[in-house]
S.K.: 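The structure is given below, and queries will be raised subsequently.
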Amino acid sequence: MLRRVFLGASASVPLLAVADPASAADPARTADPAHLADPALASTAFDGSTVRNMARQLAVQPYKGPASDLPAAFKNLDFDAYRDIRFNTDRALWRGHGGKFITQFFHRGYIYPDRVDIFEVADGHATPVKYSPDLFNFGKNAPATTDLGFAGFRVQYPFNRPDYLDEVCVFLGASYFRSVAKGQGYGISARGLAIRTADSGGEEFPVFRSFWLERPAPGADLMVIHALLDSPSAVAAFRFTVRPGADTVFDAETAIYPRTDITQAGLAPLTSMFLFDVNDHTRFDDWRAAVHDSNGLQLRTGHDEALWRPLTNPRDLQISSFEDTSPRGFGLVQRERAFAGYQDLEARYEKRPSLWVEPIGDWGQGVVELVEIPSDREVNDNMVAFWRPHDPLRAKGEHLLNYRLHWCWAPPGEVTLSQVTQTRTGKSWDQKHRQFVIDFVGDAVKALKAETQPTLDVGSDKGKILNAVAQPNPDISGWRISIELDPQDNKVVELHARLMNGDQPLTETWVYRWTEG
């Protein structure tokens, strides 16, 4: 995915659209909303099992790709022309119903040619959302003259100010979707399902084919979205319960029905961008201190070990796998929250969401997999993380998975161990080895005095660790570990470091992959 294009397309109308309290209270003052059904569009019964039953039935049928019926005039739009197509905000779904949520739609075109069917669910029935060209302002483009349909949608809700409708989430492109917490801007994305990510034979990108949007009750602070996903290898049903707030939470209930055995399934996949940081800056002549939506993979294992793996932008694609049983959580996290860490007034990377996956139930054995893809531009999402189960997803089976997505400033849960705030690396003073400097902050190390000597737990799978030192860092009320690595002709070395009090950890475990060059 071209990340900046994705962001730009979703910004085809302002993120903050002024709500009209008068029109919201009085439907007579509002233009006909987009969801008013044509008499020819029949409603059908809908309940919690409808989409799952559809997915189960579709999975036994041969795969048929999305229709390629988009006229060339829209298929060949460039970025600026596509962005010129704007939804008429006064035609939003649920505008005038007195609730807190409204929904707007994206037109097909540019890199979003696939049509998605969208339905409104109310009173136990699903009614198709009717496409009409007058729902859009086409700008300098010639308006559509036929039913071209929608490419996706956005949801708005006033969670920053009562007189503004903030954009809460957007579903647009393949099975990608994004959200924000209060006060944040878009960054990291989630996906419905990843298949064969980083495989030499090519990745398969499932797509959301249909959505069912349950009409929120007046005054409700949650919204339910159902989705049907399809691909050559699998069909899946999703039910998302969306709760905007200081942390925006998606409760995800998933049922996957493979058409074929899937040995490389990525469940609860996350996609982000990392270009450079202070630990990985040598290849970029850039005035900014750092450029990334996420700067680390954070894990809480089934054995309750806390891990932090700083992200890197490698010269060659690399995959890291963290074996686990019933993980307690993982996510791609943005820890640097100071503007001074980036100095970018436009991108405001310090306000990008962290995205944390909280498994619900027993996920069994598998690995949290991190894929780091080389990139030379910040428009590319080049970081991927997901859960890969130990056993393949077998064809003709039903595979259920529940989890909670936290779009947040920091992952939820009590923080008892001190955490890594910064990783720095460079040549050692004698120019022979690689030096790593890791800063930890938190109550567990803040109380340590200079004369205290915590146990230093450091190591590597190859090479040799030299000159390992732990010392207070008073400027951050934390502690610092400094180590040198002699690779001893190895091209890849895995390192770890943490502070201990006897056999009890004081800090999370810092893990790092050093690669030659």
Side-chain angles (χ1 to χ4, degrees), residues 1 59 174-177 188-207 229 231-238 250 252-272 274 294 296-303 305 307-309 311-312 314 317-333 355-373 381-405 411 492 494 511 513:
M1 288 290 293
S175 67
Y176 287 85
F177 58 100
I188 188 171
S189 300
R191 281 194 274 171
L193 180 64
I195 299 177
R196 297 196 307 272
T197 301
D199 184 81
S200 59
E203 182 169 359
E204 180 178 312
F205 287 92
V207 300
L229 176 145
S231 82
S233 297
V235 184
F238 291 80
F250 282 43
E253 303 169 47
T254 307
I256 304 172
Y257 303 93
R259 287 188 168 99
T260 62
D261 290 349
I262 305 175
T263 59
Q264 299 181 63
L267 307 181
L270 316 177
T271 302
S272 191
F274 179 92
S294 310
L297 172 69
Q298 183 174 333
L299 303 98
R300 187 179 177 195
T301 72
H303 297 290
E305 183 179 6
L307 301 177
W308 174 255
R309 162 66 153 76
L311 298 179
T312 60
L317 183 145
Q318 63 181 19
I319 299 174
S320 303
S321 298
F322 301 85
E323 294 187 11
D324 202 0
T325 300
S326 297
R328 301 191 181 189
F330 68 92
L332 292 174
V333 173
L355 183 48
W356 181 255
V357 179
E358 177 189 351
I360 297 175
D362 183 1
W363 279 20
Q365 293 183 319
V367 298
V368 174
E369 194 154 286
L370 172 66
V371 179
E372 296 168 298
I373 304 168
D381 280 343
N382 60 325
M383 300 288 118
V384 186
F386 50 78
W387 173 254
R388 174 166 290 174
H390 179 271
D391 296 326
L393 303 185
R394 297 297 183 187
K396 301 181 180 179
E398 179 182 61
H399 304 270
L400 306 180
L401 190 78
N402 295 332
Y403 54 94
R404 185 167 289 132
L405 293 172
V492 179
E494 302 283 354
V511 292
R513 175 178 290 177

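Start at 1 with the first residue, then count along the sequence. Predicted, not measured: the structure shown is a model, and the values here were computed from it.
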S.K.: Nearest 0.5 Å, what's the CG-OG distance between L317 and S200?
M.R.: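 The CG atom of L317 sits 10.5 Å away from the OG atom of S200.
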
S.K.: Does the side chain of V367 come within less than 4.5 Å of F322's, by heavy atoms?
M.R.: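 The answer is no, as the side chains (C-beta and beyond) never meet within the 4.5 Å cut-off.
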
S.K.: Might you work through the side-chain contact (heavy atoms from CB on, under 4.5 Å) test for F386 and L267, ending with a clear yes or no?
M.R.: CA-CA 6 Å; F386 50 78; L267 307 181; 5.9 Å; no

S.K.: Should E494 and R513 be marked as a salt bridge (Lys or Arg N to Asp or Glu O under 4.0 Å) after you check the CA-CA gap, both sets of side-chain angles, and the distance that decides it?
M.R.: CA-CA 5 Å; E494 302 283 354; R513 175 178 290 177; 2.6 Å; yes

S.K.: Is there a donor-acceptor contact under 3.5 Å from the side chain of N382 to the main chain of F274?
M.R.: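 Present.
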
S.K.: If I take atom CH2 from residue W356 and atom CD1 from residue I188, how far apart are they, to the nearest 0.5 angstrom?
M.R.: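 It comes to 12.0 Å.
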
S.K.: For the atom pair CZ (F330) and CZ (R309), what is the distance rounded to the nearest 0.5 Å?
M.R.: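 The distance works out to 15.0 Å.
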
S.K.: Side chains of W363 and D324: closer than 4.5 Å at any heavy-atom pair?
M.R.: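 The answer is no, as the side chains (C-beta and beyond) never meet within the 4.5 Å cut-off.
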
S.K.: Between atom CD of E358 and atom CG of L405, what is the distance when rounded to the nearest 0.5 Å?
M.R.: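 One finds 10.0 Å between CD of E358 and CG of L405.
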
S.K.: From the options T260, D261, L393, select the one residue that forms a side chain to side chain contact (heavy atoms under 4.5 Å, CB included) with S233.
M.R.: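 When T260, D261, L393 are each tested with S233, the side chain to side chain contact (heavy atoms under 4.5 Å, CB included) holds only for T260.
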
S.K.: Identify the heavy atoms of L193 and G266 that sit nearest to each other, and give their distance.
M.R.: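 So the two residues come closest at CD1-O, 3.6 Å.
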
S.K.: Which atoms form the tightest heavy-atom contact between P206 and E204, and what is the distance?
M.R.: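 The answer is CD-O, 3.2 Å.
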
S.K.: Does any donor atom in the side chain of E398 or Y257 lie under 3.5 Å from an acceptor atom in the other side chain?
M.R.: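 Indeed, the side chains of E398 and Y257 share at least one donor-acceptor pair under 3.5 Å.
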
S.K.: Which heavy atom of R191 sits nearest a heavy atom of F177, and at what distance?
M.R.: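 In terms of heavy atoms, the two residues are closest at C-CE2, 3.8 Å.
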
S.K.: Quick one: does R196's side chain have a donor or acceptor within less than 3.5 Å of a partner on G202's backbone?
M.R.: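 Flag set: sc R196 to bb G202 pair under 3.5 Å.
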
S.K.: Walk me through whether L401 and I256 qualify under side-chain contact (heavy atoms from CB on, under 4.5 Å).
M.R.: CA-CA 8 Å; L401 190 78; I256 304 172; 5.6 Å; no

S.K.: Measure the spacing between CZ of R328 and NE2 of H303 and express it to the nearest 0.5 Å.
M.R.: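 Between R328 CZ and H303 NE2, I get 9.5 Å after rounding to 0.5 Å.
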
S.K.: Is it the case that the side chain of E372 and the backbone of T312 share a donor-acceptor pair, with hydrogens and angles ignored and the cut-off at 3.5 Å?
M.R.: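 Checking the backbone N and O of T312 against the side chain of E372, a donor-acceptor pair under 3.5 Å is found.
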
S.K.: Which pair of heavy atoms, one from A265 and one from P389, lies closest together, and at what distance?
M.R.: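 Where A265 meets P389 most closely, the heavy atoms are O-CD, 3.9 Å.
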
S.K.: Okay, side chain of R259, backbone of S231: is any donor-acceptor separation there less than 3.5 Å?
M.R.: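 Indeed, once roles are kept as given, a pair shorter than 3.5 Å links the two residues.
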
S.K.: With rounding to the nearest 0.5 angstrom, report the CG to OG distance, D381 to S272.
M.R.: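 It is 6.5 Å, given to the nearest 0.5 Å.
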
S.K.: Would a distance-only check, ignoring hydrogens and angles, find a side-chain to backbone donor-acceptor pair under 3.5 Å from H399 to R394?
M.R.: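 Present.
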
S.K.: For A198 versus I319, what's the shortest heavy-atom pair and its separation?
M.R.: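 That would be CB-CD1, 3.9 Å.
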
S.K.: Mind running side-chain contact (heavy atoms from CB on, under 4.5 Å) on L311 and L332 for me, showing each step along the way?
M.R.: CA-CA 9 Å; L311 298 179; L332 292 174; 4.3 Å; yes

S.K.: Search all heavy atoms of P327 against all heavy atoms of G364 and return the closest pair with its distance.
M.R.: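 Scanning both residues completely, I find the closest heavy atoms to be CD-O, 4.4 Å.
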
S.K.: I'd like to know whether L307 forms a side-chain contact (heavy atoms from CB on, under 4.5 Å) with E305, so could you lay out the CA-CA distance, the side-chain angles of the two residues, the decisive distance to 0.1 Å, and finally the verdict.
M.R.: CA-CA 6 Å; L307 301 177; E305 183 179 6; 3.4 Å; yes

